[in-house]
Amino acid sequence: MTYLDDLNPAQRAAVLHTAGPLLVLAGAGSGKTRVITYKIAYLLDRCGAEASHILAVTFTNKAAEEMRQRVARLLGSESSTVLPWIGTFHSFCTRLLRRHIESLGQGYTSDFSIYDEEDQLRLIRACSRELGLDEQQLSPRAIQARISRAKSRGLTPADVREDPEWTSTPERALMLALFEQYEHRLRAANALDFDDLLVKAVALLRQEARLRARYRAQFRFILVDEYQDTNRLQFELLLLLAAREGSPGEADSERHVCVVGDPDQSIYRWRGADLQNVLEFERHFPNTRVITLDRNYRSTKTILAVANALIRHNTDRKEKVLWTENEDGPPVGYYPAETAEDEAEFVVERIRAHLVQDPQARIAVLYRTNAQSRLFEEACRRAGVPFRLVGGFSFYKRAEVRDILAYVRLALNPWDDESLRRILNVPPRGIGQKTLEALEHLARAAQLSLWDALQVAVIERRLPERTMESARTFLQLIGRLRACAREGTIADVFRMALYETGYVQALRERTLSSSDPLDAENRLLNLEELLSAAAEADERGERLREFVDRAMLVADTDEYDPTAPVTLMTMHSAKGLEFPIVFVVGLEDGLFPHARSSTDREELEEERRLFYVAITRAQRQLYLTHACARRRHGRLAPTTPSRFLKELPRDLLQDLSLTERAPIDRSAHNGFFDPSLAPATRLSRERGQTSSLHPQASARSPSRERGASSPFREGARVRHPLYGVGRILAREESGAQILLTIAFPGIGKRKFVEGLAPLEIIS
DNA sequence: TTAGTTCCCATTTTT
DNA sequence: TGGGAACTAA
Ligand SMILES: Nc1ncnc2c1ncn2[C@@H]1O[C@H](COP(=O)(O)OP(=O)(O)OP(=O)(O)O)[C@@H](O)[C@H]1O
């Protein structure tokens with residue numbers, strides 16, 4: 001009974017309740033995730049449940065992995081228990097469809113490709129061009145968002161004809177045509193976009209009664225975390241797998257569905273998350289037991305009071321107040337910086353102070369948009385504070401990685417026109433725009449895939465002689481890659497996609513003679529990493545398709561490393577995480593709440609919930625900062641503090657600009673000051689902040705200090721994973737970065753960015 | 001016809 | 001700040 005003692009009575013009740021539907025509604029940090037985790041352990045440990053009977057759904061892959069580890073820890077090392085399937089809805093659907101999509105009878109094969117947002121945008125552009133639409137008028141992004149929202153509600157182009165969001169638009173005929181074309185092309189490409197993964201899984205289970213019965217019998221325990229942000233289709237899936245069907249022979253009483261969520265933390269309605277899933281849960285699952293948890297274990301009383309005060313400003317909610325036995329803790333730090341650069345300096349200086357005090361501290365900097373990360377990255381780099389950046393530049397979303405993946409995806413699915421289009425002339429092989437257009441024309445006329453069109457064009461000699469040669473070589477290349485995909489290891493396939501395609505060769509040439517050798521350098525490194533990832537997957541015994549699926553489904557947040565001392569990420573990515581120290585930055589109207597979500601009341605309330613999520617990530621110390629002036633479109637413009645700040649209790653906030661010695665090194669900012677800053681300076685003076693608050697504008701020379709603290713001195717020997725051992729020839733500043741020129745024997749000189757490149761000092 | 005360059009745009013959040 | 005489209009040189 002040991003681990004059950006870690007739970008309070010309400011939590012324990014939730015864990016012990018294992019028959020029938022259960023809805024756990026609870027505030028931030030009240031132990032919802034803990035309930036799910038413990039319940040899995042309890043089911044395996046005490047209820048004799050088989051791992052295969054349990055389906056646990058989390059919001060991200062990373063959360064899934066963490067949960068798996070926690071469950072394993074609870075069960076103890078002595079148990080060699082197989083763990084249940086824990087993952088996101090999307091990965092669950094992927095698995096289901098890889099196995100059964102052919103029964104759906106819509107022409108898909110189990111080799112279907114998964115199209116992520118980038119693929120979708122390319123496809124939409126292609127459709128747009130084909131229909132002769134004006135891109136200015138209908139931005140591909142907007143179309144993609146709208147199509148996705150419709151699909152996540154389970155709507156088809158036919159349904160959408162009646163939908164107000166669509167019929168009210170002036171371009172509705174065009175939009176509709178585009179939607180239809182998009183769907184048509186996806187199907188022809190044997191490809192599913194993210195929404196399709198859910199759409200088709202629902203269709204499959206709805207249509208195939210036997211399959212449904214089989215999975216209903218298997219997954220007798222279904223647990224869903226972050227339930228408040230599930231969409232319509234995910235709810236449908238839940239209904240199909242777990243709602244009472246009334247067919248005899250089914251032991252519904254033994255069936256258990258447990259969903260946990262917090263309506264105040266619903267921050268994904270903009271992409272179709274539907275709170276109706278929570279509100280109507282009890283209607284769809286009769287005899288639901290509802291348990292609420294309101295004791296917070298995460299944050300100090302102060303932080304919690306601030307969070308509670310904020311969220312009360314939402315009208316569209318059920319009142320619920322969290323409490324805690326934790327100590328009061330320090331006041332929430334508030335710092336209005338003059339400029340966004342100053343804000344970053346302040347935050348990083350504070351981080352440094354915290355890390356000196358407690359090297360184990362885990363600190364998060366949370367912002368509204370990914371673009372805001374840059375200043376904090378630079379400030380960290382300048383100060384020598386190591387950090388992890390989550391999101392924005394996911395490894396598997398980098399262009400070079402996507403290019404190589406496109407080769408592999410094309411090898412796996414010959415109908416995958418988007419992948420083919422992507423790499424047909426990458427690296428340049430003389431099959432350019434005109435040839436592609438000719439091929440597309442042929443494909444359309446003969447109802448062929450682009451791949452088949454290419455083959456036909458070669459066989460029937462429909463291309464100019466020069467192009468013929470390249471096209472033939474290309475066809476053979478993909479043919480070999482395909483054979484390799486069938487028989488070789490994952491690493492073999494990627495090696496072939498890297499080298500035989502000439503991709504690496506082209507990049508190597510660019511490291512020698514191009515405008516941006518550093519960029520080419522970094523790309524080569526990323527590809528090297530991709531190859532290692534492939535080799536690791538081989539070692540785990542993974543299949544090529546699993547590896548590629550995982551690459552397509554990785555989310556930004558999946559890169560989060562819980563042991564990193566400093567993490568930079570969006571507030572959205574921070575959902576479900578916790579940190580002793582949290583900085584919420586950029587609290588300015590227009591940024592947060594974002595200008596595009598400030599007018600509509602519902603959208604504004606979602607922004608407020610987002611702030612609530614951000615605040616409640618903090619365990620001990622919370623900082624709120626903003627800048628009084630910030631560069632936008634390159635121009636420095638004054639800003640207004642976020643309206644949300646006014647909603648927080650004054651007495652719990654401490655204005656650090658009044659008491660704090662400003663840790664800002666003025667000398668570093670000379671270049672930034674220009675006349676347009678004047679209003680902002682005045683603004684901050686009115687707050688009692690004067691330039692005398694910056695007495696530290698000492699002669700501290702940042703570059704010298706950096707030089708002294710860095711181990712990367714000229715003459716030092718370093719090891720690089722790709723090039724081996726070399727010697728540092730030069731170390732120079734270039735903007736915010738420091739460039740190292742390193743000579744490798746037998747290879748030559750290479751340039752790297754200090755702190756970015758995987759360099760290791762050899763003493 | 002292709003490849004490289006310049007210019008110009010818009011710019012939230014993400015499974 | 002970067003990606004994409006239009007433009008231009010080979
Ligand atoms: N009964 C308990 N005793 C001690 N600590 C607890 C207890 N319940 C939860 N905690 C701790 O409180 C913190 C928050 O728990 P958890 O992440 O499960 O909450 P949550 O409700 O999922 O949070 P959020 O909704 O903010 O994601 C964790 O650090 C967890 O270990």
Side-chain angles (χ1 to χ4, degrees), chain A residues 57-64 87-94 114-118 120-122 125 128-129 135-136 139-142 144-145 148-149 151-152 192-198 226 229-231 233-234 266-273 366-375 390-394 397 399 425-438 463-467 470 506 510 514-516 519 552-558 569-575 586 590-598 603 606-607 609-611 613-614 631-634 735:
Chain A
V57 183
T58 58
F59 198 70
T60 63
N61 300 298
K62 192 78 198 182
T88 63
F89 274 112
H90 288 86
S91 49
F92 171 73
C93 291
T94 303
I114 298 175
Y115 278 11
D116 73 356
E117 189 179 316
E118 195 193 338
Q120 292 181 58
L121 286 174
R122 288 166 159 270
R125 283 205 186 91
S128 220
R129 264 194 306 276
E135 273 211 10
Q136 312 317 114
S139 91
R141 272 214 106 65
Q144 188 270 338
S148 176
R149 233 174 302 127
K151 288 176 78 167
S152 68
L192 303 185
D193 66 19
F194 277 13
D195 300 302
D196 276 334
L197 292 174
L198 302 170
E226 305 283 8
D229 276 324
T230 52
N231 66 29
L233 286 168
Q234 292 165 337
S266 160
I267 54 176
Y268 284 99
R269 295 190 202 177
W270 55 271
R271 68 165 198 210
L366 307 181
Y367 36 79
R368 177 67 225 281
T369 67
N370 283 118
Q372 290 168 259
S373 72
R374 212 192 82 244
L375 292 174
V390 172
F393 279 82
S394 159
K397 288 193 184 110
N425 199 33
V426 178
R429 50 171 68 88
I431 310 180
Q433 190 65 36
K434 275 283 163 341
T435 312
L436 180 61
E437 272 169 27
L463 300 171
E465 203 42 50
R466 268 263 248 358
T467 325
S470 328
R510 276 182 41 200
S514 89
S515 50
D516 199 350
D519 177 66
M552 295 312 297
L553 294 176
V554 281
D556 292 336
T557 34
D558 295 337
M569 65 176 138
T570 63
M571 302 183 212
H572 280 91
S573 303
K575 174 155 106 153
L591 243 193
F592 189 44
H594 197 275
R596 300 177 79 127
S597 307
S598 303
E603 285 180 330
E606 179 146 311
E607 295 281 298
R609 288 193 296 273
L610 183 59
F611 193 18
V613 167
R631 248 164 233 285
R632 288 188 79 113
H633 321 124

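All values below were derived from every heavy atom in this structure, side-chain atoms included, with hydrogens, water molecules and symmetry-related copies excluded.
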Contact under 4.0 Å: Ser91(A) side-chain N or O vs dT15(B) OP1/OP2: no
Evaluate whether the aromatic ring of His594(A) and the six-membered ring of the dT12(B) base sit under 5.5 Å apart, centre to centre, with an inclination under 30°. yes
Just call it for Asn425(A): base, sugar-phosphate, or nothing, with non-hydrogen atoms closer than 4.0 Å on any strand. sugar-phosphate
Ignoring hydrogens and angles, state whether a donor on the side chain of Asp195(A) or Ser148(A) is under 3.5 Å from an acceptor on the partner side chain. yes
So, does Ser470(A) use its side chain to make a donor-acceptor pair with the main chain of Ile431(A) at under 3.5 Å? no
From OH of Tyr268(A) over to P of dT15(B), roughly how many Å is that when rounded to an integer? 6 Å
Short side-chain N/O contact from Asn370(A) to OP1 or OP2 of dT11(B), under 4.0 Å: no
What's the closest nucleotide to the Arg125(A) side chain, out of dG4(C), dT11(B), dT15(B)? dG4(C)
Start at the 5' end of DNA chain B and walk down; is the nucleotide closest to Glu607(A) or to Ile431(A) reached first? Ile431(A)
Are Ser597(A) and dT13(B) close enough that a side-chain N or O sits under 4.0 Å from OP1 or OP2? no
Pair Glu603(A), Trp270(A) - check side-chain contact (heavy atoms from CB on, under 4.5 Å), show working. CA-CA 8 Å; Glu603(A) 285 180 330; Trp270(A) 55 271; over 6 Å; no
Taking only the side-chain heavy atoms of His572(A) (C-beta and beyond), determine which of dT15(B), dT14(B), dA3(B) contains the nearest atom. dT14(B)
Quick one: does Asn231(A)'s side chain have a donor or acceptor within less than 3.5 Å of a partner on Gly272(A)'s backbone? no
Looking only at dT14(B), dA3(B), dT1(B), the nucleotide nearest the Arg271(A) side chain is dT14(B)
Between dT15(B), dT14(B), dT12(B), which nucleotide gets closest to the side-chain atoms of Ser573(A)? dT14(B)
Considering only the P atoms, how many Å lie between dG4(C) and dT13(B), rounded to the nearest integer? 16 Å
Minimum-distance nucleotide to Arg596(A) side chain [options: dT11(B), dT1(C), dT15(B)]: dT11(B)
Kindly point out which of dT12(B), dT2(B), dT14(B) is positioned nearest to the side chain of Thr570(A)? dT14(B)
With sugar-phosphate meaning primed atoms plus P, OP1 and OP2, does Phe89(A) contact a base, only sugar-phosphate, or nothing at under 4.0 Å between heavy atoms? nothing
Hey, is Trp270(A) stacking on dT12(B)? Ring centres under 5.5 Å, planes under 30°. no
